[in-house]
Every structure is written in C-alpha cells, then in structure tokens.
Amino acid sequence: MKNWKQVRADFPILDRKIEGKPLIYLDNAATSQKPLQVINALKNYYENYNSNIHRGLHTMSEEATLAYEGARERIARFIDAASEREIIFTRNATEAINIVVESWGKHNIQAGDEIVITAMEHHSNFVPWQKLAEDKGAKLVYIELAEDGNLDYQMAERLITNRTKIVAVTQMSNVMGTVVDLQKLGSLAHLNGAKFLVDGAQGVPHLPTSVRESDCDFLVFSLHKMLGPTGVGVLYGKEELLDLMPPMLYGGDMISSVTREKTTVNELPWKFEAGTPNIADVIASGVAIDYLLALGMENVRAHELDLTRHAMDLMLKLPSIKIYGPQNPELKGGVISFNYEGVHPHDMGQILNESGIAIRAGHHCCQPLMKTLGVMGTARASFYIYNTKEEIDFFVEALIKAEKVLNYVACR
Ligand code: 7TS
C-alpha cells in the first residue's frame, strides 16, 4: 500500500485556501499540480547550471545537455519505447499531433483516403485532421459511442477498411474518462495497412502505457498533465516512420551540416527539435517522470480507480445528477462529467468554487462530443494521485448543497 497522504505533502499548492476553505483540486484533466521535486528542479537549473545545450564545451552546458537528454531516456522508459531516438520534445500534445499531420499526413493522405477518429476526440486530435481532410479531399470517419457510453467497437470493425490511412484515437476521453481498447483498434488499423496514432494526453498520466504493447505508430502527450511544467509535450513515433518524415521546422540544431549549397538534416530525434528547446522544463519533466516511476503506474491507476468507484457510488445516488459516459468505474479513468438538470454547468462550477472546490465546466474542447451528448457543456471532476476519499465526500456534500440552492432558485 502506498502512503498517499505522504504524496500530498509534496504538493505545496494543496495547502492553499480558496474562499477561506481548503482547496480541493478536481481539475486534473486540465492540468495537474506540481510536486516540490519538480519545482526545485526548475530552481536548481536556473540557479546552478543554466546554459544552452548540445553546443557548449563548458561544464554547465554539458550538465544541462546530460540532464535534458536524461529526461528523454526516462520518458522512453516510461512509455516502453524501443529507443530514445523515438522521443521528440514538443510544446504540448497539440503540437505533436500537428507535426504528424504536417510531416506524415500531408505526404501520405490523398483524395478519397479515410482518416478514422472517434466521436469523443479533443479538438487537438480533431481539428488538424479535419483541416487535412479538407485540404486533401480525404474523408473523416467517426467511430460513435455505443449505448453504454463506450466506443462502438463493432462499428470500428466496419469502418476501418483498406481505404483507411490512419486511425487516430484518444487513449482516454477527457470528458467521460472512457478508456479505449488500444490493442483492438491498433490491430484493426494494422490489419488494413493503416497507421495508428494514440492521443495519450489523458491516458499516459493515469494508466500504465506501453507503445510496444499497443503497437501504436505515434503517441502524443503533455507533461503538464502528469506533474511536469507547462510547455513540454512528447511525440513518440516508430523510428522507421520518423526517419522517413521531413522536419517541420528548419534552422539551428536540426542540421548535421550546412553549406551555401545544401543542408543535411540531423539524425533522430534532433531533426524535429529546431532551435533552443525548453531546456528547464524538459529537465523538470524528467523529475516528474521519476516521481511517477517511483509511485508505479499500476499503483496510480489503482488509487484513481478507488477514488472513482467511491465518487460514482455516491454520485449515482443523487437523483437529479446525470453522469455521462460509462457508469462502470472499471471502464473509465478518474474523470466524471455530469449535469444537474436545468442548470448551466458554469453555475455549478461557481457554486462549487465557493466551497473551495476546483472543477471545470464547459465543452472541454470537445464540441462535437457535446453535440452527440445533446448538451451545451458539462461540469467535470477529475482526480489524480493526491486526491482523497475525504475530498470526494466533501465534493459530493457540496453537490447536495448546490442541488438545494439550485432547486430553490429553480422553484421561485
Ligand atoms: N488531447 C486530449 C485528450 C486532451 O484532454 C487535451 C487537453 C489535449 C489533447 C491537448 O493537450 P495540450 O497539452 O496540447 O493542450 N485537455 C484539456 C482538458 O480536458 N481541459 O483542459 C485541457
């Protein structure tokens, strides 16, 4: 058994008060909080060895290069990549998807081809593909949700065909927490000669993830959702694919030699990392990965499942709250989207904030999914390693209180 109370002590922000009440942070799907270890790594870099990487021969530059490349190695290990050459640092998951669209999609998708996504994609794994499809005369095809809130895998079997060039799906819905069967979709993609991209922005921070097990061709995620700083994302790609893809940005650091006549592109992974990268934040991201590795992702998943079971148990007893997506906690991550009948989710968010509870309300960058669900938006609570059952009890009590206030307003 992990000591989760001890974990909490590593997060100074959790001592904060909001509206005079202890902060209960349930907006982890938007971004996670950062432990002292990560905050200190940033401070240590700027206080002790701030320098540019890959170029200086001086001690500090060597230290910074080692720490930066060390973070890459740890990330490769964390997602079970075959080599750190397959790990490209980007600004966030969104930029990583755009690199695939720009550098792989533009050269491999033609008129009449099909791009398969799901009805629950975040705009980041939707808008770039929609634009590419428009530009190329290709077709976007959607795997819809089944009655039970899961993906309709029978439909996936029908939709993924030899016209499909890529299947691009989220590992976990940022709205409903729905966990996707990657092995199933990946093998359908590969059986039909298509590539397989996984948007791991919500999955990688919360679930054990192995790129070799899911056999995905690309995986993208953002470190700020997994204890790291903002400004660092990852594009994982199979080496043989990345090797064939042209760089997206040209300039310093992505070259191996330049003459007036010709530039030779650097090898992987640096050919995709033009210019001075986000050195401090990448180094601190390596520390975030260490933190998660020390906890063990199986334990992280088990803790969140425990919290989700508890929350679903209590919330399903509230008659006027509707919960979207799978109702079985075993099939979802620690993300619960709900609405109180007749109440705008923003009002719900505001009332909860008065009790010190931070949730997100709105469309969660999933407008097409909102349309499918027939709502303008939802209120969303999302959990992470430092949340406790006591916080969930408090949250559900606040929901009950909110219900009374809203009922009173509704009846007047
Ligand atoms: N994909 C998914 C599934 C996401 O949930 C998000 C961010 C992204 C991509 C984009 O990540 P970024 O780091 O590039 O911005 N999701 C959310 C959210 O649910 N609330 O705020 C951000």
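We count ligands from 1, going down the list as the structure has it; atoms in each ligand are counted the same way.
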Is ligand 1 under 4.0 Å from a heavy atom in the side chain of Thr170, in the backbone, in both, or in neither? side chain
Taking distance alone, with N or O pairs closer than 3.5 Å, would you say Ser124 contacts ligand 1? no
For Cys365, is the nearest heavy atom under 4.0 Å from an atom of ligand 1? no
Can you check whether Leu145's main-chain N or O pairs, donor with acceptor, with Asp152's side chain at less than 3.5 Å? no
If the contact criterion is a heavy-atom separation under 4.0 Å, does Glu95 count as touching ligand 1? no
Purely on distance, is any nitrogen or oxygen of His364 under 3.5 Å from one on ligand 1? no
Measure the distance from atom 19 (O) of ligand 1 to every protein heavy atom, then report the residue, atom name and distance (to 0.1 Å) of the closest one. Arg380 NH1, 2.6 Å
For atom 9 (C) of ligand 1, the protein heavy atom that lies nearest, with its residue and separation: Asp199 OD2, 3.4 Å
So which protein heavy atom does atom 14 (O) of ligand 1 come closest to, and at what separation? Thr94 OG1, 2.6 Å
In this structure, atom 20 (N) of ligand 1 is nearest to the protein heavy atom Arg360 NH1, 2.5 Å
Asp113/Lys165 ion pair, N-O < 4.0 Å: yes
What protein heavy atom sits nearest atom 5 (O) of ligand 1, and how far off is it? Gln202 NE2, 2.7 Å
Between Arg380 and Asp27, is the salt bridge (Lys or Arg N to Asp or Glu O under 4.0 Å) condition met? List the steps. CA-CA 8 Å; Arg380 179 188 71 183; Asp27 194 17; 3.5 Å; yes
Quick one: nearest non-hydrogen protein atom to atom 13 (O) of ligand 1, plus distance? Ser222 OG, 2.6 Å
Looking only at protein heavy atoms, which one is nearest to atom 16 (N) of ligand 1, and what is the separation? Lys225 NZ, 3.0 Å
Distance to 0.1 Å, residue and atom name: give those for the protein heavy atom nearest to atom 4 (C) of ligand 1. His122 CD2, 3.3 Å
Using a 4.0 Å cut-off to any heavy atom of Ala201, which atoms of ligand 1 qualify? 1 (N), 2 (C), 4 (C), 6 (C), 8 (C), 9 (C)
If we set the cut-off at 4.0 Å for heavy atoms, which region of Glu121 has an atom near ligand 1: side chain, backbone, both, or neither? neither
Relative to ligand 1, is His123 under 4.0 angstrom through side chain, backbone, both or neither, heavy atoms considered? neither
Heavy-atom neighbours of Ile13 CD1 exceed 12 at 6.0 Å: no
Got a sec: does the CD of Glu330 have more than 12 other heavy atoms crowding it under 6.0 Å? yes
For His206 together with Tyr384, are the ring centres under 6.0 Å from each other? yes
Where does His224 meet ligand 1, judged by heavy-atom distances below 4.0 Å: at the side chain, the backbone, both, or neither? side chain
Is it true that the side chains of His344 and Asn339 contain a donor and an acceptor less than 3.5 Å apart? no
So, does Asn125 sit close enough to ligand 1 that a heavy atom of it is under 4.0 Å from the ligand? no
Is the gap between the ring centers of Phe196 and Phe218 under 6.0 Å? no
In this structure, are over 12 heavy atoms from other groups packed under 6.0 Å from Met60 atom CE? yes
Hey, is Glu267 close enough to Arg85 for a salt bridge, meaning N to O under 4.0 Å? yes
For His364 together with His123, are the ring centres under 6.0 Å from each other? no
